[in-house]
Amino acid sequence: MGDLAIFDLDHTLLGGDSNMIWTDYLFERGLIDTAFMQQRNQYFADYQAGNLDFEAYLHHMLAPYAQLDYQTLVGYRDDCFETRVKPNLYPQGVELIAAHKRVGDKVIIISATNDFLIEPVGRTLGVSEMIGVELAQDEQGNFTGRYQGVPSFGAGKQTRLAISLAKHGAQLADYSRSYFYSDSINDAPLLQAVTDAVVVNPDEMLSALAEQKGWPILMF
């Protein structure tokens, strides 16, 4: 069995935040209003400060998903990905994933962004295992504006990773080496759980923690 390589998405593989990019896209099309964007910006500031109320954040950010049918959202998402997300994937991150795959490592992308938005990233990078916030759907397949299961944020990333590995009869300890690449102090729980924590474009608090722990720092 190869090693395990886990990647965060926003500001780690992507030069930006996928939820910010997506809501900018919707705002420009008149699908969300200025009040929504102002609240979004406050939540993003809380995220950067490491004190985000993630439940409240999800309640706010997922509301627009209930306003459009699934197929309409897919069209918007795919256009947003092709025009705004894909061009901003870090080449260094793409190569890191490729390097891990070349030596037979298992690669997983885990993000606090929802699974609907991150799905095209996995498809483009050739990563079949993507872990994101799971969106609830109604009987017609449309999103309800709610999530289900454990959100993949903070310590929740450890929980979701364990669930994902268990589906294949494995656990984190089975890997002689496990890597996690991330930019955010919010990912400190999982960074401290792997054998090889690697910080990428770290925020100020994570940079300080990395220096304290002796973790390598990459700047893309």
Side-chain angles (χ1 to χ4, degrees), residues 1-14 17-19 43-44 46-59 61-62 93 96-97 100 105-119 121-122 125 127-136 146-218:
M1 181 170 63
D3 295 330
L4 176 65
I6 311 157
F7 290 83
D8 174 50
L9 174 59
D10 299 325
H11 302 288
T12 301
L13 294 173
L14 174 65
D17 181 280
S18 50
N19 268 313
Y43 282 131
F44 189 66
D46 293 343
Y47 172 83
Q48 291 178 310
N51 59 12
L52 175 65
D53 180 340
F54 199 65
E55 291 283 341
Y57 167 81
L58 282 180
H59 178 76
M61 295 295 284
L62 298 184
L96 258 178
I97 287 179
H100 277 290
D105 293 344
K106 180 180 180 67
V107 176
I108 297 175
I109 295 175
I110 185 165
S111 175
T113 299
N114 67 71
D115 51 5
F116 175 73
L117 280 189
I118 67 175
E119 188 273 333
V121 178
L125 298 180
V127 177
S128 59
E129 206 150 346
M130 301 280 291
I131 300 172
V133 173
E134 296 179 294
L135 298 187
R146 299 184 176 89
Y147 71 91
Q148 59 190 17
V150 177
S152 44
F153 175 76
K157 285 192 175 181
Q158 281 180 274
T159 302
R160 290 291 304 282
L161 176 66
I163 292 170
S164 180
L165 292 176
K167 291 178 182 178
H168 306 286
Q171 57 184 344
L172 189 60
D174 293 338
Y175 295 89
S176 57
R177 296 189 73 175
S178 51
Y179 302 82
F180 181 36
Y181 300 86
S182 177
D183 71 292
S184 174
I185 190 63
N186 295 289
D187 286 337
L190 184 52
L191 284 164
Q192 295 182 93
V194 298
T195 65
D196 291 71
V198 183
V199 303
V200 180
N201 307 325
D203 59 40
E204 186 175 339
M205 287 182 288
L206 182 57
S207 182
L209 180 62
E211 290 182 16
Q212 175 190 334
K213 296 284 189 180
W215 295 339
I217 299 176
L218 303 179

Counting C-beta onward and ignoring hydrogens, is there a side-chain heavy-atom pair between [X] and [Y] closer than 4.5 Å?
{"X": "S182", "Y": "L190", "answer": "no"}
{"X": "L125", "Y": "F7", "answer": "no"}
{"X": "F153", "Y": "L52", "answer": "yes"}
{"X": "D8", "Y": "F180", "answer": "yes"}
{"X": "L161", "Y": "Q158", "answer": "no"}
{"X": "L218", "Y": "L96", "answer": "yes"}
{"X": "K167", "Y": "E129", "answer": "no"}
{"X": "H11", "Y": "D17", "answer": "yes"}

For [X], enumerate each residue passing the side chain to side chain contact (heavy atoms under 4.5 Å, CB included) test, keeping only those at least two apart in sequence or located in another chain.
{"X": "D105", "answer": "D3, H100, V103"}
{"X": "D53", "answer": "E55, A56"}
{"X": "P216", "answer": "V198"}

What heavy-atom pair brings [X] and [Y] nearest, and what distance separates the two atoms?
{"X": "G50", "Y": "I185", "answer": "CA-CG2, 4.2 Å"}
{"X": "G149", "Y": "Y147", "answer": "O-CE1, 3.4 Å"}
{"X": "G132", "Y": "S152", "answer": "C-OG, 3.2 Å"}
{"X": "Y175", "Y": "G2", "answer": "CD2-O, 3.3 Å"}

In Å, rounded to the nearest 0.5 Å, how long is the span from [atom1] of [X] to [atom2] of [Y]?
{"X": "E119", "Y": "T113", "atom1": "CD", "atom2": "OG1", "answer": "14.0 Å"}
{"X": "R146", "Y": "L135", "atom1": "CZ", "atom2": "CG", "answer": "12.5 Å"}
{"X": "M61", "Y": "L117", "atom1": "CE", "atom2": "CG", "answer": "8.5 Å"}
{"X": "Y179", "Y": "L4", "atom1": "OH", "atom2": "CG", "answer": "10.5 Å"}
{"X": "K106", "Y": "S128", "atom1": "NZ", "atom2": "OG", "answer": "6.5 Å"}

Identified side-chain contact (heavy atoms from CB on, under 4.5 Å) counterpart of S18 within the set N114, L13, D10: D10
Evaluate the side-chain contact (heavy atoms from CB on, under 4.5 Å) criterion for residues I108 and L165: first the C-alpha distance (whole Å), next the side-chain angles of each, then the deciding distance (0.1 Å), finally the verdict. CA-CA 10 Å; I108 297 175; L165 292 176; 4.2 Å; yes
The criterion is ring pair (Phe, Tyr, Trp, His ring centres under 6.0 Å); which residues satisfy it with Y47, sequence neighbours excluded? none
Would L191 and L206 count as a side-chain contact (heavy atoms from CB on, under 4.5 Å) here? Give the steps. CA-CA 10 Å; L191 284 164; L206 182 57; 3.7 Å; yes
Answer yes if the side chains of N19 and Y43 hold a donor-acceptor pair under 3.5 Å, and no otherwise. no
Residue pairs involving residues 206-218 (criterion side-chain hydrogen bond (donor to acceptor under 3.5 Å, both in side chains); sequence neighbours excluded): Q192-K213
All pairs passing salt bridge (Lys or Arg N to Asp or Glu O under 4.0 Å) where residues 180-209 contributes a residue, at least two apart: K157-D187, R177-D196
